[in-house]
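Predicted model, so just to flag it, every value in this text is computed and none were measured. Within every chain, numbering begins at 1; the chains are lettered A, B, ... in the order of the sequence lines, protein sequences first and strands thereafter. Note: hydrogens, waters and symmetry copies are ignored here, and every other heavy atom, side chains too, is used.
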Protein chains: 2
Amino acid sequence: MASRTVEDYIKQIYQEQQPAPGQLVSLGRLATAMEVVPGTVTTMVKALAEAGLVSYEPRQGVRLTPAGEKLALHVLRRHRLIELFLVQVLKFDWSEVHAEAEELEHAVSDRLLERIDELLGRPGFDPHGDPIPSAAGEVAQPRLHPLNAARPADRGVIARIADQQAEFLRYATARGLVPGAEVVIQSVDVPGDSITLLVRGKSRTLGRAAAAGILVAWQPETAASEL
Amino acid sequence: MASRTVEDYIKQIYQEQQPAPGQLVSLGRLATAMEVVPGTVTTMVKALAEAGLVSYEPRQGVRLTPAGEKLALHVLRRHRLIELFLVQVLKFDWSEVHAEAEELEHAVSDRLLERIDELLGRPGFDPHGDPIPSAAGEVAQPRLHPLNAARPADRGVIARIADQQAEFLRYATARGLVPGAEVVIQSVDVPGDSITLLVRGKSRTLGRAAAAGILVAWQPETAASEL
DNA sequence: TATTTCCTTTTGAGTGTTCAAAGTGAAAGA
DNA sequence: TCTTTCACTTTGAACACTCAAAAGGAAATA
């Protein structure tokens with residue numbers, strides 16, 4: 001049985017690896033993310049490698065093995081189902097549930113999780129728009145793109161808020177920047193480092209850094225701008 | 001912040017102390033209940049005393065301090081509200097919820113607990129009939145008595161099942177021995193070590209050990225048999 | 001009183017997780 | 001090429017919790 005700490009490391013590695021699956025994650029990054037000193041990560045990563053959950057290349061970084069990825073998806077499934085449960089059943093605000101789920105994800109049994117999944121109607125996405133892995137470990141992975149990479153006239157639907165700090169979530173909510181909202185890019189001001197878009201009939205301007213925290217599924221006609 | 005282990009010890013001491021509050025609990029008892037070796041308890045109890053949660057008299061036993069009792073009631077409040085939540089909202093069977101709550105009681109925040117309490121309508125008792133301490137630490141303590149101390153013709157209502165092992169709970173449920181059920185003692189067979197009673201119109205015989213696991217609130221006319 | 005028994009405590013050690021601080025390697029700059 | 005720098009690793013130690021086994025104390029028995 002993986003300890004709570006092991007689950008947290010594995011989940012974090014998964015998330016650091018997300019932009020480019022299979023990529024090596026540096027131990028320094030991991031130390032920052034886990035809020036521990038670098039030496040602690042070196043020690044821990046060796047133990048994870050010993051347990052077959054990651055492959056570790058000294059001075060290069062870590063990467064999840066298939067077993068590690070399976071565990072990561074299990075933890076994420078628990079985390080995201082709990083978040084959705086808290087929002088839908090207990091009427092929490094979606095900006096508050098992250099920290100709560102962080103604790104509960106290590107305490108719910110498979111049986112309880114199954115009840116929750118059933119009660120919620122086997123949902124595919126959590127309140128932030130993140131996909132909920134299936135019990136078998138499959139994830140729906142829609143092609144999403146950060147808002148800061150948009151071009152004028154692009155049009156799409158907000159799918160996820162990647163930056164899940166409570167303050168940012170409140171900021172986004174207050175402006176209608178929530179999963180499901182339609183957006184149309186009005187202008188991109190490169191020197192001004194900002195982007196202006198239309199949401200719910202209102203024009204909003206936000207900086208590139210903030211825009212990077214919002215992921216959008218563009219409508220087909222703009223899909224060519226990908227690559 | 002009390003660790004999970006500390007919370008478990010404190011809760012256990014509270015429960016061992018229950019029959020006679022203020023009483024000393026021997027370390028051996030505690031070791032058995034916590035399923036650890038006696039030496040571990042000695043070490044742990046010293047640390048609890050250091051933290052001001054118990055008073056410890058070497059070779060005599062432990063007793064909760066007011067601070068310890070406050071913590072115990074907090075933990076019990078979490079445990080019992082969670083049990084009721086699992087039964088009422090997630091449709092668990094009451095015989096299944098104990099182990100589940102054992103984990104969750106260490107993971108729910110005060111805010112989440114408050115939501116649950118509100119959603120359930122600020123209940124006073126959990127599915128086993130145990131009183132749920134208030135947030136301020138007050139417990140409704142009805143005068144209850146084990147069924148094995150009953151006399152023929154005693155009549156009352158089952159208030160609690162003290163033995164919460166899943167197997168016993170299923171046994172009790174199957175025979176209608178659930179909180180709220182009216183019982184009338186038909187006979188007490190001392191040499192035969194058994195007791196016969198009427199529940200839901202059916203006559204049932206059970207051994208003294210099993211009867212000790214069922215707590216009853218007797219009707220006034222029999223209250224004199226107390227002391 | 002002397003002995004036995006039972007419970008409790010002590011001692012030494014191990015596991016998992018963490019830190020501080022010293023040491024090492026590899027890439028970047030001089 | 002030599003040096004500096006930065007990231008990473010190692011080492012030694014601590015903390016919380018646990019066990020096994022030896023030692024000690026108090027009460028019951030002889």
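Checked options A/E16, A/H74, A/E102; the residue passing with A/K11 is A/E102 (criterion: side-chain hydrogen bond (donor to acceptor under 3.5 Å, both in side chains)). Of the options A/R77, A/R80, A/E138, a side chain to side chain contact (heavy atoms under 4.5 Å, CB included) to A/P131 is made by A/R80 and by none of the others.
Taking atom CZ of B/R59 as the reference point, atom P of C/dT8 lies 9 Å away to the nearest angstrom. The CD atom of A/Q60 sits 13 Å away from the C1' atom of D/dT9 (whole-angstrom rounding). Between the CG atom of A/L27 and the P atom of C/dT18 there is a distance of 14 Å, given to the nearest Å. For B/L24 and C/dT8, the CG to P distance is 12 Å, given to the nearest whole Å. Atom C1' of nucleotide C/dT17 and atom CZ of B/R4 are separated by 17 Å, given to the nearest angstrom. Taking atom CG of residue A/L30 and atom C1' of nucleotide C/dT18, one finds them 15 Å apart after rounding to whole Å. For the pair A/E7 CD and C/dG16 C1', the computed distance is 15 Å after rounding to whole Å. Protein atom CG of B/D8 is 9 Å distant from nucleotide atom P of D/dT18, rounded to whole Å.
The listed nucleotides are D/dT9, C/dA20, D/dC17; the one nearest the side chain of A/V37 is C/dA20. Among the nucleotides D/dC17, D/dT18, D/dA7, the one closest to any side-chain atom of B/V6 is D/dC17. Of the candidates D/dA20, D/dT10, D/dT9, the closest approach to any side-chain atom of A/K46 belongs to D/dT10.
Here A/T40 reaches the OP1 or OP2 of C/dC19: one of its side-chain N or O atoms lies under 4.0 Å away. In terms of phosphate contacts, A/Y9 brings no side-chain nitrogen or oxygen within less than 4.0 Å of OP1 or OP2 of C/dG16. OP1 or OP2 of C/dC7 has not a single side-chain nitrogen or oxygen of B/S26 nearer than 4.0 Å. Checking the phosphate oxygens (OP1, OP2) of C/dT9, a side-chain nitrogen or oxygen of B/Y56 falls inside 4.0 Å. Under 4.0 angstrom from either OP1 or OP2 of D/dT9 there lies at least one side-chain N or O belonging to A/T42.
Across the interface with DNA chain C, nearest-nucleotide mapping of A/M44 and B/P38 shows B/P38 to be the residue nearer the 5′ end. Remark on DNA chain C: of its neighbouring residues A/E35 and B/P58, the 5'-side contact belongs to B/P58, judged by nearest-heavy-atom nucleotide. For the pair B/G39 and B/T43, nearest-nucleotide mapping onto DNA chain D gives the more 5' position to B/T43.
Note on A/G28: only backbone sugar-phosphate atoms sit closer than 4.0 angstrom, heavy atoms only; bases stay farther off. In this structure, A/T5 reaches the sugar-phosphate backbone alone: every heavy-atom distance under 4.0 Å involves primed, P, OP1 or OP2 atoms, never a base.
No donor-acceptor pair closer than 3.5 Å links the side chain of A/R160 to the backbone N or O of A/D130. Under the 3.5 Å distance criterion, the side-chain polar atoms of B/R115 are matched with a main-chain donor or acceptor of A/L90.
Within the model, atoms CZ of A/R29 and CG of A/L24 stand 12.0 Å from one another, a figure rounded to the nearest 0.5 Å.
Taking the charged nitrogens against the carboxylate oxygens, A/R4 and A/E103 do have a contact shorter than 4.0 Å, which makes a salt bridge.
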